[in-house]
Amino acid sequence: MYVKDDVCYAGKLTDDIKVTDVKPLRGHMMLVTFSTGEQRLFDATLLKGSAFAPLMDDEIFTHPVIFHGVITWNNGEIDIAPETVYKESYAYNQKEAM
């Protein structure tokens, strides 16, 4: 467990955290699995600015590619750092979701 920016997280903080799997969900949510083994939910509607505008197109949003531990879209034209995804996401417990 660790605390960062007054938020308590399970697991161990690592500077080299990577995304190992990503599943787009309805409402521009994503279920993201990290190199720590944790699964977390990320709300992609939080991604603002013209660089992320293409993600509003479901055809682009629903086809992410993981490249060297980073989520990318649109042939690598759009990406987001795994540290940001981790920090801005929240824990997902599959058992609680059922």
Side-chain angles (χ1 to χ4, degrees):
M1 180 174 73
Y2 64 95
V3 176
K4 183 174 180 181
D5 299 325
D6 296 324
V7 177
C8 184
Y9 295 93
K12 181 180 175 189
L13 177 62
T14 175
D15 290 333
D16 61 345
I17 194 165
K18 295 181 191 288
V19 172
T20 59
D21 191 43
V22 60
K23 180 179 179 185
L25 305 171
R26 287 182 288 170
H28 283 79
M29 296 294 290
M30 298 188 304
L31 179 58
V32 183
T33 305
F34 293 90
S35 55
T36 61
E38 293 175 83
Q39 285 192 312
R40 299 176 67 84
L41 288 170
F42 178 75
D43 182 355
T45 63
L46 298 174
L47 301 174
K48 303 293 183 192
S50 60
F52 297 109
L55 295 180
M56 292 299 107
D57 180 344
D58 281 339
E59 189 60 33
I60 293 173
F61 174 75
T62 58
H63 292 92
V65 173
I66 299 170
F67 183 73
H68 295 287
V70 176
I71 303 171
T72 69
W73 294 268
N74 213 22
N75 294 319
E77 291 179 13
I78 305 167
D79 64 38
I80 183 167
E83 298 85 3
T84 300
V85 176
Y86 189 89
K87 182 179 174 184
E88 300 296 327
S89 62
Y90 52 94
Y92 171 78
N93 185 329
Q94 187 174 13
K95 292 177 185 175
E96 290 178 8
M98 296 182 146

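Fair warning: this is a prediction, and the values are worked out from it, not measured in the lab. All heavy atoms count here, side chains included; hydrogens, waters and symmetry mates do not.
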*asked:* Checking E38 against Y92 for the side-chain hydrogen bond (donor to acceptor under 3.5 Å, both in side chains) test, could you report, in this order, the C-alpha distance in whole Å, the side-chain angles of both residues, the deciding distance, and whether it holds?
replied: CA-CA 8 Å; E38 293 175 83; Y92 171 78; over 6 Å; no

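- Using modelled atom types, no side-chain atom of S89 and backbone atom of F42 make a donor-acceptor pair closer than 3.5 Å.
- Annotation: cation-pi pair R40/Y86 present, NZ/CZ under 6.0 Å from the ring centroid and within 45° of its normal.
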For a quick test of your reading: what N or O donor-acceptor pairs under 3.5 Å do the side chains of residues 43-52 make, sequence neighbours left out?
{"unit_1": "D43", "atom_1": "OD1", "unit_2": "T45", "atom_2": "N", "d": "2.9"}
{"unit_1": "D43", "atom_1": "OD1", "unit_2": "T45", "atom_2": "OG1", "d": "2.5"}
{"unit_1": "D43", "atom_1": "OD2", "unit_2": "T45", "atom_2": "OG1", "d": "3.1"}
{"unit_1": "K48", "atom_1": "NZ", "unit_2": "T45", "atom_2": "O", "d": "3.1"}

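- Sorted by first and then second residue, the side-chain hydrogen bond (donor to acceptor under 3.5 Å, both in side chains) pairs with a member in residues 59-70 form an empty list; sequence neighbours excluded.
- Under the side-chain contact (heavy atoms from CB on, under 4.5 Å) criterion, A81 pairs with E83, T84, sequence neighbours left out.
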*Chi angles and distances behind the side-chain contact (heavy atoms from CB on, under 4.5 Å) call for I17, T36*: CA-CA 7 Å; I17 194 165; T36 61; 3.9 Å; yes

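- With rounding to the nearest 0.5 angstrom, the CD atom of E88 is 14.0 Å from the CG atom of L41.
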Name every donor-acceptor pair, under 3.5 Å, that has one atom in a side chain of residues 69-79 and the other anywhere in the protein, sequence neighbours excluded.
{"unit_1": "T72", "atom_1": "OG1", "unit_2": "V65", "atom_2": "O", "d": "2.9"}
{"unit_1": "W73", "atom_1": "NE1", "unit_2": "F61", "atom_2": "O", "d": "3.1"}
{"unit_1": "N74", "atom_1": "ND2", "unit_2": "E77", "atom_2": "OE1", "d": "3.3"}

Compile the donor-acceptor pairs under 3.5 Å between side chains in residues 21-30 and protein atoms, sequence neighbours left out, one pair per line.
{"unit_1": "H28", "atom_1": "NE2", "unit_2": "L55", "atom_2": "O", "d": "2.9"}

